[in-house]
Peer 1: 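Sharing a structure with you now.
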Amino acid sequence: MKRFLQGINYSILIPIALLLGLAPFYPQPHLLEKLRMLANGTLHRPIDIFDLFLHGAPALLLVLKVLVDLSDKRLKKG
């Protein structure tokens with residue numbers, strides 16, 4: 001997994017995470033809507049769960065990549 005994350009460029013991952021995380025822009029982003037549904041306990045329908053994973057996966061990959069890169073820098077430093 002670490003090698004997979006290191007092979008992804010930020011120049012590709014950031015725009016994809018932003019576009020899918022914020023799409024559709026009106027009336028509200030799906031990711032925000034689905035996270036609210038998850039917090040309220042109303043995320044039950046399979047299509048809503050699929051939407052959460054679809055729109056949240058690039059953002060999750062971005063967070064994991066940042067964590068891997070930071071841990072690699074810390075290991076190289078010390």
Peer 1: Are side-chain heavy atoms of M1 and L64 found at a separation under 4.5 Å?
Peer 2: yes

Peer 1: Got L31 and L22 here, is their nearest side-chain heavy-atom distance under 4.5 Å?
Peer 2: no

Peer 1: I need the L5 CG to L62 CG distance, nearest 0.5 Å.
Peer 2: 10.0 Å

Peer 1: If I take atom CG from residue L13 and atom CG from residue L18, how far apart are they, to the nearest 0.5 angstrom?
Peer 2: 9.5 Å

Peer 1: With rounding to the nearest 0.5 Å, note down the distance linking CD in E33 to CG in L43.
Peer 2: 9.5 Å

Peer 1: If you look only at pairs with a residue in residues 18-54, which of them pass as a ring-ring contact (aromatic ring centres under 6.0 Å, His included), with sequence neighbours excluded?
Peer 2: H30-H55

Peer 1: Return each pair, listed once, that meets salt bridge (charged side-chain N to carboxylate O under 4.0 Å, His left out) where at least one residue sits in residues 9-28; pairs must be two or more places apart or across chains.
Peer 2: none

Peer 1: Hydrophobic clustering (ILVMFWY, side-chain heavy atoms < 4.5 Å, transitive) - are L60 and V66 grouped together?
Peer 2: yes

Peer 1: For the residue pair D72 and Q6, establish whether any side-chain heavy-atom pair is separated by less than 4.5 Å.
Peer 2: yes

Peer 1: Between L61 and L70, is there a shared hydrophobic cluster once you connect ILVMFWY residues whose side-chain heavy atoms come closer than 4.5 Å?
Peer 2: yes

Peer 1: Does one hydrophobic cluster hold both M37 and L35, with members joined at side-chain heavy-atom distances below 4.5 Å?
Peer 2: yes

Peer 1: Compare every heavy atom of L20 with every heavy atom of L54, then report the nearest pair and how far apart it is.
Peer 2: O-CD1, 4.0 Å

Peer 1: With sequence neighbours excluded, what pairs up with D69 under the side-chain hydrogen bond (donor to acceptor under 3.5 Å, both in side chains) test?
Peer 2: Y10

Peer 1: Check the hydrophobic clustering (I, L, V, M, F, W, Y; side-chain heavy atoms under 4.5 Å; chains of links allowed) and say if L38 and I49 are grouped together.
Peer 2: yes

Peer 1: In sequence, state the C-alpha distance, the side-chain angles, and the governing distance for F4 and V68, and then conclude on side chain to side chain contact (heavy atoms under 4.5 Å, CB included).
Peer 2: CA-CA 11 Å; F4 170 73; V68 165; over 6 Å; no

Peer 1: Kindly give the heavy-atom pair with the smallest separation between P58 and A17, and that separation in Å.
Peer 2: CB-CA, 3.6 Å

Peer 1: Not counting sequence neighbours, which residues clear side-chain hydrogen bond (donor to acceptor under 3.5 Å, both in side chains) with K34? List them please.
Peer 2: D48

Peer 1: Can you name the nearest heavy-atom pair linking P29 to G21, along with the distance?
Peer 2: CB-O, 3.6 Å

Peer 1: Do any pairs count as a salt bridge (charged side-chain N to carboxylate O under 4.0 Å, His left out) and have a residue in residues 11-23, sequence neighbours left out, and if so which ones?
Peer 2: none

Peer 1: Report the hydrophobic cluster partners of L32, with the cluster defined as I, L, V, M, F, W, Y residues connected by side-chain heavy atoms closer than 4.5 angstrom, directly or transitively.
Peer 2: none

